[in-house]
Amino acid sequence: MEKNKKLTKVLMSGNEAMGEAAIRAGCKFYSGYPITPQNELTAYMARRMREEGRAFVQAESELAAINMIFGAAVTGVRTMTSSSSPGISLKQEGISYLAGCQLPAVIINVMRGGPGLGNIDSSQSDYFQSTRGGGHGDYFTPTLAPWSAEEATKLVVLAFDLADYYRTPVLVLADAIIGQMMEPVGLPFERMFKKKLPKKTWALTGAKKRPANAVMSLLLGDRVLQRHNERLGRKWDKIKEKEQRFDTYKVQDAKYLIVAYGSQARIAFEAVDILRKQNIKAGLFRPISLWPYPEKGLKELAKGVKKVLVVEQSLGQMVEDVRAALPLGEISFLGKAGGGIPLAKEIVGAIKKSL
Amino acid sequence: MKNEFLPPKSLRDVNTHYCSGCGHGILHRLVAQVIDELGLRERVIGVAPVGCAVLAYNYWDFDVSEAAHGRALAVATGIKRSRPEKIVFTYQGDGDLASIGIAETLHTANRGENLTCVFVNNACYGMTGGQMAPTTMIGQKTTTTPWGRDPAFGEGWPLKVSELLAPLKGVSYLARSSISKPQGVRQTYQYIKKAFINQIEKKGFSMVEVLSPCPTIWKKTPIEAAKWIDQEMVKEFPLGVIKE
Ligand SMILES: Cc1ncc(C[n+]2csc(CCOP(=O)(O)OP(=O)(O)O)c2C)c(N)n1
C-alpha cells in the first residue's frame, strides 16, 4: 500500500475522495442522478463544485446526466459523471456516443449487485459491461479499478489524463466497499500520467478565427465509418500496448498466485499473509487497469507459478481474461454473486485444497 | 434589413438532402439569418437532433454538435453550463423532443436553462419513414397507425408540448408558428429572433414550435401539405405567442 509521509492525510470515504480528486483534476462540469452506493459522491460535488464556482447539475436521469457531460466534453472542459450499476446501464448509449465522437470524459461506477435492481451491496458483476465496450458499436473504455480510497483519488486523476490524451471516455470502476469505506487519503493527490496532453482544437467554443467545428459520430458514405473505426482500432491497440497497469504483493517466489481487483484484492491481500504464515508461497496479482487487461504482467509472473486462483465478487467474469492470458495455466475460480464477498479464510481454503 | 434576400453567412452554399417541400431547409435558413443578424456566428453553438435534421452541421457554418436521439437539451445544458458566455440552441423534431426526449424537454425547461430551442413539429417521424409521433393528428395515417391515429385504440391524442411547458416558471418564452405561407415564415423569423435575444438577456428557457410540412410522409404535394397545416394542424396547434 502507498506510504508517503510528506502528505497530509485526511479521513474520507472513497466516494468523497473521488469527488475531491475530480475537483483537483480540474473537472469543470459534473452531473449525476441519485443512486446508492455512490450518493455521497454526488452530494460532495453539489457542495464543492459551487464552492469552486464550477457547474453542478442534478440531472433528471442518468440518460440526461451522461448527455450533459457529453455537452460539457464537446466544449473541451474536463467533465465527470458518477453512478452505480443500474444507472451505468442507462448511460451506455451516451458512453458509446462519447467513444464514437472521440470525446474525453470520466465516468465512475460504484458497483452494486445486479442483475436488475439487485441490491446495494458490494459487487464486481459489471466487469464484462465495463471491459467489453458496454454500449453498442466497436469500442472499448479504459477501465481503472481502485482498491483503496487513496488509490481511487490517483486513478480519478489518471482517468482525466488518459481521457484527454486518448480523446475517449474512461471508466473508474469502484465498488460499494471502496465507495463507502472511510480511510486516510493523502492530499494533494498525485499525478501518475507524465505525457503532454494534446490541445483540444476540435472543441466547440464558437467559430472565431477558425473554420466551424462539428462533433459527430454519424459517418455515412462509402467506407467512412469503416475508416473511422479502423482509426479507433489503432487507438485501442495503442492503449492496450501502453496503459496496462497492475500491482503485486509477495510474488517473487510465489507458487500460488491469487488474482483479484478492487475491494476483493484487499481481502486476497490478507489471505496471502495468512498463507505465508503457514509457509505456503502465495502471492497477489492485482490488475489496476481492467481494460486493457494487464496480460503482459500476468504472463510474465505466471511463468514460475504452479496454480492460479481468481477471486471475484461475481460468478466469474475477470477469470475469462485470466484464462485468455494463460491458456495453458491451471486456473481455478472462487466467486460469490449478488453481494456475496469471498472471505480471506475461504481464499486460504481454496488454495490449500489445490495444494 | 437590406440583406434580407441574400443568403446568410451562417448558411453554407450547399444543396441539402431534404425532400422537396420539406420545412427543414426554410428553418435552417431562418436560424442562420437570426444568428447573422444578431452577430452571433462566432459565439453560437448549435445542437442537432437525431432525425431528418441530423446533418444540420453540413448546412450551418458555425459550431454544431450531434446529440443522441432525444438528448439535445441535455447536451445543450452541458454546453451552456460549461461555457455560459456562448449562445446555445437546439433544433429538434417532434419524435426527438416530444417522445424519447420529453423528460429532457420538461426538466431543461423547468430548470430555466438559459437556452433557445427550435422545435420542428411535422406531426410524424420523418427520418425513420413516417411513424406516428406524439404530435400526429387524430385520424392521420402513418406506418404505425395504418388506419389513422385513434385514441380508442390506445394511440393517444396529439401532445401539445408548448402548452405543457407554459406553466413552468423556468420558461420565459413560448411561441408557435407555421411556415406554410410567406407570412408565417416572416413571423417564425421574428419568434426565433426573440428566442435568441431572450438568451442574450439571460431570461431563461425559450422555445419556438414551428408547424412544418413533410409532404413525403404525409403523401401530399408541397401545396397540399401547406394547406393541411393551415386547415387541420392549426386547429390542434393554435398559432401565436403562448408565453412571454
Ligand atoms: C435511441 C434511438 N432510437 C431510435 C432511433 C431511430 N430514429 C432516428 S430518427 C428518429 C425519429 C425522428 O423523428 P423526429 O424527431 O420527429 O424528426 P424528423 O425526422 O421528423 O425531422 C428515430 C426514432 C435512434 N437513432 N436512436
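Just so we're on the same page: letters track the sequence lines, and every chain starts at 1. Predicted, not measured: the structure shown is a model, and the values here were computed from it.
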- [ ] Calculate, to the nearest 0.5 Å, the distance between atoms OG1 and CD belonging to A:T205 and B:E42 respectively.
- [x] 10.5 Å
Task: Per-residue contact mode, B:L55 against chain A (heavy atom under 4.5 angstrom) - done: side chain
Task: Minimum-distance pair of heavy atoms, taken over all atoms of B:S65 and A:F70 - done: OG-CE2, 3.5 Å
- [ ] Compare every heavy atom of A:G206 with every heavy atom of B:D63, then report the nearest pair and how far apart it is.
- [x] OD2-N, 3.0 Å
TODO: Pick one of side chain, backbone, both or neither for A:A65, based on which atoms fall under 4.5 Å of a heavy atom in chain B.
DONE: neither
Task: Proximity of residues 74-92 of chain A to chain B, residues having a non-hydrogen atom under 4.5 angstrom - done: A:V74, A:T75, A:G76, A:V77
Task: Heavy-atom closest contact (A:G71 atom, B:I79 atom, distance) - done: O-CG1, 3.2 Å
TODO: Would you please go through residues 14-39 of chain A and name the residues with a non-hydrogen atom below 4.5 Å from one of chain B, in numerical order?
DONE: A:F29
- [ ] Would you mind telling me which of B:R83, B:E85, B:H107 has the largest number of heavy-atom pairs within less than 4.5 Å of chain A?
- [x] B:R83
Task: Interface moiety of B:A76 toward chain A, non-hydrogen atoms closer than 4.5 Å - done: neither
Task: Approximate separation, where rounding is to 0.5 Å, of A:N67 CG and B:E104 CD - done: 7.0 Å
Task: CG (A:D138) with more than 12 external heavy atoms under 6.0 Å - done: no
Task: Chi angles and distances behind the side chain to side chain contact (heavy atoms under 4.5 Å, CB included) call for A:E60, B:L106 - done: CA-CA 9 Å; A:E60 57 270 32; B:L106 262 172; over 6 Å; no
Task: Neighbour count above 12 (heavy atom, 6.0 Å) for A:I120 CD1 - done: no
- [ ] With a 4.5 Å cut-off on heavy-atom pairs, point out which of A:I66, A:N213, A:V57, A:L220 contacts chain B the most.
- [x] A:N213
Task: chain A contact via B:V50 - which portion, at a heavy-atom distance below 4.5 Å - done: side chain
Open item on the list: With a 6.0 Å cut-off (strictly less than), is the heavy-atom count around NZ of A:K208, excluding the residue itself, greater than 12?
Closed with: no
Open item on the list: With a 4.5 Å cut-off on side-chain heavy atoms, are B:Y57 and A:L218 touching?
Closed with: yes
Open item on the list: Within a 6.0 Å radius of atom CZ on A:R50, are there more than 12 heavy atoms belonging to other residues, nucleotides or ligands?
Closed with: no
Task: Heavy-atom pair of closest approach, residues A:A64 and B:A74 - done: O-CB, 3.7 Å
Open item on the list: Tell me the closest heavy-atom pair linking A:A212 and B:R12, and the distance in Å.
Closed with: CB-NH2, 4.0 Å
Open item on the list: Do B:T108 and A:M68 have side chains that approach each other closer than 4.5 Å (heavy atoms only, starting at C-beta)?
Closed with: no
